[in-house]
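Shown next, in structure tokens, is the structure this report addresses.
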Amino acid sequence: MTPEEPEQDELRLVLLRHGQTDANVARALDTVPPGAPLNETGRAQASGVAELIADWPIRAVHASRAIRARQTAEPVALAHGLGVTVVDGVHEIFVGELEGRSDKPARREFDEVYDAWWGGDLARALPGGESALDLRARYLPAVDRIVEQTERAHGPGGMVVLVSHGAAIRLAAAALLGDTAETRYVPNAGRVVLRRDRSVETGWALELWDSGPALVGDVTAGAAPEAH
């Protein structure tokens with residue numbers, strides 16, 4: 001089986017990263033909704049991924065409250081005759097005092113905390129911001145609600161899309177797959193597809209992880225087990 005021809009026996013959760021923004025290009029830490037909109041490249045990426053998954057059996061499309069997530073979700077939903085449901089709790093991890101900064105000291109401070117998370121110190125928080133545990137505490141219940149709603153409305157099988165953010169997707173996917181999961185870079189408009197698997201303790205199995213060359217300075221690019 002390939003993600004382009006998914007089996008219909010179990011639900012698939014498609015964690016889709018938003019398209020590119022000018023803040024991404026400027027390497028700025030942009031985590032407070034509504035945040036920056038998609039730029040021209042980001043809009044093209046959103047249209048491209050919508051076309052790429054147009055034949056997938058998507059039952060519902062959800063997005064974080066960030067403008068860039070909603071703008072990425074819209075063409076995906078349109079391709080399937082669906083609306084976009086905005087979801088609380090799945091926005092990017094808050095960087096607190098580092099918000100809006102793109103200078104090297106801010107990036108070093110962020111990377112130091114990000115490294116600590118991948119080293120197992122999930123309780124370490126960004127200055128005035130969130131920890132990996134904080135992200136999980138709001139993100140995972142939101143996923144549970146989305147999955148429950150989709151299965152209740154449509155039964156087993158099919159796919160549900162959640163448009164979210166790079167670091168948030170990596171941290172949530174690691175939790176959904178197990179704490180030892182080695183996550184990778186998620187490019188703008190990249191897809192992470194998880195399949196419901198009740199035979200494993202976490203309840204999810206990895207089916208697809210889009211990856212590719214990292215945009216220099218992208219918060220999603222640093223501090224993964226594979227990167228060392």
Side-chain angles (χ1 to χ4, degrees), residues 3-4 6 12-95 135 138-139 142-143 145-147 149-150 158-173 176 183-194 207-215 217-221:
E4 285 70 24
R12 267 68 173 180
L13 172 65
V14 182
L15 299 173
L16 175 62
R17 189 184 177 195
H18 63 81
Q20 188 186 93
T21 70
D22 287 344
N24 292 149
V25 176
R27 310 176 189 178
L29 293 162
D30 175 18
T31 67
V32 177
L38 298 180
N39 59 20
E40 183 177 355
T41 296
R43 291 191 293 273
Q45 290 169 335
S47 296
V49 75
E51 182 177 352
L52 182 64
I53 64 177
D55 293 334
W56 286 14
I58 293 170
R59 311 301 188 210
V61 178
H62 300 258
S64 87
R65 292 199 171 277
I67 292 173
R68 57 192 181 276
R70 287 181 279 146
Q71 289 177 326
T72 303
E74 285 166 0
V76 174
L78 182 62
H80 294 272
L82 300 169
V84 176
T85 300
V86 176
V87 181
D88 288 320
V90 296
H91 45 275
E92 186 60 285
I93 191 159
F94 286 140
V95 297
L135 182 282
R138 58 174 169 82
Y139 201 110
V143 167
R145 290 191 296 272
I146 289 167
V147 169
Q149 291 166 4
T150 305
M159 311 179 100
V160 56
V161 174
L162 172 58
V163 183
S164 183
H165 306 265
I169 288 173
R170 290 185 66 178
L171 291 166
L176 291 168
T183 68
R184 301 185 294 279
Y185 176 67
V186 184
N188 288 118
R191 304 159 299 165
V192 175
V193 180
L194 307 182
E207 198 158 85
L208 171 71
W209 194 296
D210 280 339
S211 194
L215 181 69
D218 193 329
V219 297
T220 315

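Fair warning: this is a prediction, and the values are worked out from it, not measured in the lab.
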Check G19 against L38 and note the closest heavy-atom contact, atom names and distance. O-CD2, 3.3 Å

Under the 3.5 angstrom rule, does the side chain of R170 hit a backbone N or O of R184 as a donor-acceptor pair? yes

If I compare all heavy atoms of A63 with all of A69, which pair ends up nearest, and what's the gap? CB-O, 3.8 Å

Is the side chain of E74 donor-acceptor paired with the backbone N or O of V84 at a distance under 3.5 Å, no angle test? no

Dump the intermediate steps for side chain to side chain contact (heavy atoms under 4.5 Å, CB included) on H80 and M159, then the final yes or no. CA-CA 12 Å; H80 294 272; M159 311 179 100; over 6 Å; no

Does any N or O in the side chain of S164 come within less than 3.5 Å of the main-chain N or O of I169, such that one atom is a donor and the other an acceptor? no

In Å, rounded to the nearest 0.5 Å, how long is the span from CG of N188 to CG of D210? 12.0 Å

Stepwise side chain to side chain contact (heavy atoms under 4.5 Å, CB included) test for R59 and V160: CA-CA 6 Å; R59 311 301 188 210; V160 56; 5.7 Å; no

Could you state the interatomic distance from CZ (R191) to CG (L15), rounded to the nearest 0.5 Å? 12.5 Å

Checking the side chain of Q71 only, and the main-chain atoms of P37 only, is there a donor and an acceptor separated by less than 3.5 Å? no

For a 4.5 angstrom cut-off between non-hydrogen side-chain atoms, does W56 reach V14? yes

Quick check: does any side chain N or O of W209 sit under 3.5 Å from a backbone N or O of Y185, one acting as donor and the other as acceptor? yes

Of the options N24, T21, D22, which is the one that meets N39 in a side chain to side chain donor-acceptor pair (under 3.5 Å)? D22

Counting distance only, does the side-chain N/O of S64 pair as donor-acceptor with the main-chain N or O of V90 below 3.5 Å? no

Side chain R17, main chain V186, donor-acceptor under 3.5 Å: yes

Inter-residue atom distance I67.CD1 - H18.NE2, 0.5 Å rounding: 12.0 Å

Please identify which of these residues, L176, L162, L171, V87, meets the side-chain contact (heavy atoms from CB on, under 4.5 Å) condition with Y139. L162

In terms of heavy-atom contacts, S47 and P75 come closest through N-CG, 4.3 Å

When rounded to the nearest 0.5 angstrom, what is the spacing between CD1 in I146 and CG in L13? 7.5 Å

To the closest 0.5 Å, what do you measure between CZ (R12) and OG1 (T150)? 14.0 Å

Which value, rounded to the nearest 0.5 Å, describes the distance between L135 atom CG and H91 atom NE2? 8.0 Å

Minimum-distance pair of heavy atoms, taken over all atoms of G83 and A77: O-CB, 3.8 Å

Run the numbers on R68 and D30 for side chain to side chain contact (heavy atoms under 4.5 Å, CB included), then give the verdict. CA-CA 11 Å; R68 57 192 181 276; D30 175 18; 3.4 Å; yes

Using the rule given for side chain to side chain contact (heavy atoms under 4.5 Å, CB included), can you reason through V49 versus L16, listing the C-alpha separation, both sets of side-chain angles and the distance that settles it, and then say yes or no? CA-CA 9 Å; V49 75; L16 175 62; 3.8 Å; yes

Is a donor on one side and an acceptor on the other found under 3.5 Å between the side chain of R70 and the backbone of P34? no

